[in-house]
Structures are given as structure tokens and as C-alpha cells.
J.: 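Got a structure for you, written out below as C-alpha cells; questions coming shortly.
Side chains are part of it too, since the values below use all heavy atoms of this structure and drop only hydrogens, waters and symmetry mates.
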Amino acid sequence: MVTESPDITTYDAGLLGRAEALRSDAQLMDEYARRLRATADTLAGCPAAPEWSLPTLEKQAAACATAARQLRAAAQALRTHAAARD
């Protein structure tokens, strides 16, 4: 019985491609966090801003920063896994 082995090169390229996409997503999340913090800074001096807006923006910025760290960790795990298959 003959079985075909998976194409390791294609598999590894797929993992590396996914890792790059995760890294790119992490950069986007960092940018979103930066924008949210900038908005909070702008609203901090605005007396018309609702009192809930600053804590909400800060909480969302923190969530974006956390997501960015987790995406980077996932990307690194995929790169490590791909490298282990060499």
C-alpha cells in the first residue's frame, strides 16, 4: 500500500503565512490602541465628553493592546512549530 506524505514545504509555508497574518493583525491592534488613547486624550480636555467615555476608551485600548500581545505570541508559536518541522 502506497501512501502519500504531506507536502511539508506547503504546510510550512502555510504556517508561516498564517504567522505573518497574525503579526500583521497585531500591528493593527496596536494602531487601534494608539488611536483610542489619542481619542481619550483629546476628550480629556472636553467638558462636553460623557463621563463614561474616558474609562471606556481606556478599557478598549487596553483590550487592543492585550490582543496584540496574544496575536504576537500565537504568531511566534506558529513560527516555532514550522521551524521544528525542518
Side-chain angles (χ1 to χ4, degrees):
M1 181 167 131
V2 176
T3 60
E4 292 184 29
S5 61
D7 185 353
I8 301 302
T9 303
T10 301
Y11 177 79
D12 292 342
L15 283 179
L16 293 174
R18 175 48 69 192
E20 179 57 28
L22 291 171
R23 189 195 61 75
S24 178
D25 289 346
Q27 288 179 322
L28 286 173
M29 295 306 289
D30 280 335
E31 177 60 19
Y32 297 148
R34 186 197 64 74
R35 289 180 186 181
L36 287 164
R37 288 186 184 107
T39 301
D41 290 345
T42 299
L43 291 177
C46 179
E51 64 183 56
W52 55 261
S53 63
L54 296 178
T56 299
L57 288 166
E58 291 167 2
K59 186 183 288 186
Q60 290 301 310
C64 288
T66 297
R69 283 191 300 275
Q70 292 172 341
L71 287 164
R72 280 191 192 85
Q76 183 56 48
L78 285 177
R79 286 191 295 268
T80 299
H81 181 72
R85 294 179 51 87
D86 287 342

J.: Enter the distance from E51:CD to T56:OG1 here, rounded to the nearest 0.5 Å.
T.: 10.0 Å
J.: Taking T80 for the side chain and Q76 for the main chain, is one N or O donor matched with an acceptor at less than 3.5 Å?
T.: yes
J.: Could you give the distance from CG (D25) to CD (E20), rounded to the nearest 0.5 Å?
T.: 10.0 Å
J.: Which heavy atom in L16 sits nearest to a heavy atom in A82, and how many Å separate them?
T.: CD2-CB, 4.0 Å
J.: Cut-off 3.5 Å, side chains only: do Q27 and R23 have a donor facing an acceptor?
T.: yes
J.: Answer yes or no: are there more than 12 heavy-atom neighbours, outside R18 itself, under 6.0 Å from its atom CZ?
T.: no
J.: Specify the closest pair of heavy atoms between A75 and A19, including all atoms of both residues, with the distance to one decimal.
T.: CB-O, 3.4 Å
J.: Can you name the closest pair of heavy atoms from C64 and L36 and give their distance?
T.: SG-CD1, 3.9 Å
J.: Let me check something: do L57 and L28 share a hydrophobic cluster, defined by ILVMFWY side-chain heavy atoms less than 4.5 Å apart, either directly or through other members?
T.: no
J.: Here's a test for you: under side-chain contact (heavy atoms from CB on, under 4.5 Å), which of D41, T42, L43 qualifies with T39?
T.: L43
